[in-house]
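Small disclaimer: the values here were computed from a predicted structure and weren't measured.
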Amino acid sequence: MMQSSEPKSKRPIGVTIIAFVAAAGGLLSLYGGASVLAGNATGPFALAIIVVVFGILGLAIGTGFYTGARWAWMAGIVIYIVSIGLGIAEMLYGGSVGLVGGIIRVLAGIIIPAYLTRQKPKSFFGKSTTRPST
């Protein structure tokens with residue numbers, strides 16, 4: 001792997017928080033989706049599979065956020081915006097557990113991308129908005 005010649009900026013506390021939120025959400029999604037797939041909870045089978053996939057993505061994104069991986073910035077924005085639709089589906093079809101999970105997913109889908117587009121998080125992920133002067 002190529003190393004950047006620029007020193008890595010200090011991880012903002014907000015990035016640390018969303019890294020843990022993403023990982024915890026991933027674990028909870030895996031648990032909830034697996035519970036439906038195993039027959040221990042009720043809910044649509046297809047929705048449970050999608051929730052498990054998002055659980056795996058949540059764990060990966062949480063790790064990427066924590067380590068400051070460049071790919072995690074854009075992946076996080078895309079995945080959390082797409083997850084708004086999943087959250088709405090969970091609220092509509094996921095029962096009482098899906099309602100709570102769906103609300104959390106929709107809120108995260110709004111708050112996390114909004115935070116990631118701020119200057120300090122962008123800089124931490126190497127997505128500086130400053131352009132060299134000509």
Nearest heavy-atom neighbours spanning [X] and [Y]:
X      : Y      : result
Phe45  : Leu37  : CE1-CD2, 3.2 Å
Phe124 : Gly68  : CE2-CA, 3.3 Å
Ile18  : Tyr115 : CD1-CD2, 4.1 Å
Val15  : Pro121 : CG2-CB, 4.1 Å

Treating Ile, Leu, Val, Met, Phe, Trp and Tyr as nodes and any side-chain heavy-atom pair under 4.5 angstrom as an edge, say whether [X] and [Y] lie in one connected cluster.
X      : Y     : result
Ile103 : Ile84 : yes
Leu99  : Leu28 : no
Leu30  : Ile79 : no
Val82  : Leu92 : yes

Next item on the list: Carefully, step by step, assess Val21 and Phe65 under the rule side-chain contact (heavy atoms from CB on, under 4.5 Å).
Entry: CA-CA 10 Å; Val21 166; Phe65 285 161; over 6 Å; no

Margin query: As an exercise, state the distance from CZ of Arg11 to CZ of Phe125, rounded to the nearest 0.5 Å.
Written below: 9.0 Å

Margin query: For the CG atom of Leu86 and the OH atom of Tyr80, what is their distance to the nearest 0.5 Å?
Written below: 11.5 Å

Margin query: Clusters formed by hydrophobic residues whose side-chain heavy atoms approach within less than 4.5 Å: which one holds Tyr66, and what are its other members?
Written below: Phe20

Margin query: Through direct or indirect side-chain contacts below 4.5 angstrom among Ile, Leu, Val, Met, Phe, Trp and Tyr, which residues connect to Tyr31?
Written below: none

Residues 47-62, side-chain donor-acceptor partners within the protein, below 3.5 Å, at least two apart:
none

For residues 104-111, which side-chain N or O atoms pair as donor and acceptor with protein atoms under 3.5 Å away, sequence neighbours left out?
unit_1	atom_1	unit_2	atom_2	d
Arg105	NE	Glu90	OE1	2.7
Arg105	NH2	Ser29	OG	2.9

Check: Counting distance only, does the side-chain N/O of Thr67 pair as donor-acceptor with the main-chain N or O of Thr63 below 3.5 Å?
Finding: yes

Item checked: For Ser83, all residues meeting side-chain hydrogen bond (donor to acceptor under 3.5 Å, both in side chains), sequence neighbours excluded -> none

Next item on the list: Can you run down the side chain to side chain donor-acceptor pair (under 3.5 Å) pairs that involve residues 41-55, sequence neighbours left out, and say none if there aren't any?
Entry: none

